[in-house]
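Keep in mind that this is a model prediction, so the values were computed, not measured. By convention here, the first residue in the shown sequence is residue 1.
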Amino acid sequence: GYCDIQGRRPTIEDFHTIHLNANHQFYAVFDGHLGNLASKYAAATFHQQVEHRLEMINESLPPDWEAKVKEAMADSFKDLHVGISRAVESSPGGVMKESGTTATVLYVTNLALVLANVGDSRAIMTAWTGDMLVAAQLSVDHIASAPQEQALVESKGGSISRSGGIER
């Protein structure tokens, strides 16, 4: 299922989803931007793409499984982008045509844990060590102010602009 949480905006833009299965679990958080079409679409559909592509690691780890998982996740994100674009195109009057979402996804089996993210949502793991809570950042934020992200955007013909004091 998935969940809606109303914040201070007039519409809910952020969604999360959890799918518990016998041989794997899927958890994801989607931080919507400029509307909720993209995040709601992702929360409702993305698990199916990921679960289908990653079923190869549910019972055993095939040779070169890490490379196969990276490719499967990249393909899943590409398909999600296409799906969101189609949803925008089919919306009446171009509703939420600028809607977007970040995604932080965790896929867990008895043999592997796969974490993937796109955008500026991050995954953090916490654990108690004695009487102190320790936190570790597990993902990398994809933000325009990061030199690696700037280089990637520019290498693909894009550009970075400044809006409201923030690089975008």
Checklist entry - Does Leu80 reach the side chain of Gln49, with side-chain heavy atoms less than 4.5 Å apart? => result yes

Checklist entry - Are the side chains of Val88 and Leu37 in touch, meaning some heavy atoms are under 4.5 Å apart? => result yes

Checklist entry - Just by modelled atom types, is the Thr104 backbone N or O under 3.5 Å from a matching donor or acceptor in the Ser121 side chain? => result no

Item to check | Flag side-chain contact, heavy atom, 4.5 Å: Phe26 against Val50 | outcome: yes

Checklist entry - Less than 4.5 Å apart, any side-chain heavy atom of Lys68 and any of Pro62? => result yes

Item to check | Within 6.0 Å of CD in Gln25, more than 12 heavy atoms from elsewhere | outcome: yes

Item to check | Asn21 vs His24 side-chain heavy atoms within contact, under 4.5 Å | outcome: yes

Next on the checklist: Looking at Arg122 and Asp31, is there a salt bridge between them, counting it only when a charged N and a carboxylate O are closer than 4.0 Å?
Outcome noted: no

Checklist entry - What class does the angle between the rings of Phe46 and Phe77 fall in, given that below 30° is parallel, 30 to 60° is tilted and above 60° is perpendicular? => result tilted

Checklist entry - Distance only, no hydrogens: is a donor on one side chain within 3.5 Å (strictly under) of an acceptor on the other, for Thr45 and His47? => result no

Checklist entry - Are more than 12 heavy atoms from other residues, nucleotides or ligands located less than 6.0 Å from atom CG of Asn110? => result no

Checklist entry - Can you check whether Thr126 reaches Val134 side chain to side chain, under 4.5 Å on heavy atoms? => result no

Next on the checklist: Strictly distance-based, threshold 3.5 Å: is any side-chain N or O of Glu98 a donor or acceptor partner for the main-chain N or O of Leu34?
Outcome noted: no

Item to check | Side-chain heavy atoms of Val105 within contact of Val29, under 4.5 Å | outcome: no

